[in-house]
Amino acid sequence: MIQIRFIAFDNSEQTLLAETGQSLMKAAVDAGVTGIDADCGGTLTCATCHVMVDEPWIFQLVPAGQDETDMLDFAASPVGPGSRLCCQILLKPELDGLVVRLPASQY
Ligand code: FES
C-alpha cells in the first residue's frame, strides 16, 4: 500500500492508502475522492480525471503519451507543467507519498 495526498483547489486535503498496480484514477474513485470524476472510466476520452502532480513527483512518472497530451487540451481547468490525466498514472511503490492537486473544476 502506498499513501497519496489529494489537495483540492480550496486547499482541503484527502489522503488515501492504495494498492499498487492500478491507476491513480481507480484508486481515487474507489476511495471516493471528491474532484476526480473520471467519466470515461479510464479510456482516455473525457479529461475529467485531471490532476496537477507536485514537482518532486512528476519526474517519478512515466511521461505522458501523445494521446494523453492531446486529451489534456480538453481539460476544463487550465493545465500546467504538472498536469496529468490520472487514469494514465500507474501506481508503483516508488510513488509512496505522492502529492497531487485538483483543479477548480473538471467541467
Ligand atoms: Fe477519462 Fe481519464 S478517466 S480521461
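Counting starts at 1 for both ligands and their atoms, in listed order.
Side-chain contact between Leu95 and Leu61 is present, with heavy atoms from C-beta onward closer than 4.5 Å. Looking at heavy atoms from C-beta onward, Val100 lies out of side-chain contact with Trp57 at the 4.5 angstrom threshold. Looking at Ile58 and Arg84, their side chains come closer than 4.5 Å, going by heavy atoms from C-beta outward. Inter-residue side-chain proximity for Leu90 and Val62 is flagged as unmet; no heavy-atom pair is nearer than 4.5 Å.
Excluding water, every protein N/O/S atom under 2.8 Å from atom 1 (Fe) of ligand 1 is given here by residue and atom: Cys40 SG, Cys46 SG.
Under a hydrophobic clustering in which Ile, Leu, Val, Met, Phe, Trp and Tyr are joined whenever their side-chain heavy atoms come within less than 4.5 Å, directly or via other members, Val51 and Phe59 fall into the same cluster.
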Inset, instruction - Mind running side-chain contact (heavy atoms from CB on, under 4.5 Å) on Leu24 and Leu98 for me, showing each step along the way? - result: CA-CA 10 Å; Leu24 176 57; Leu98 177 67; 4.1 Å; yes
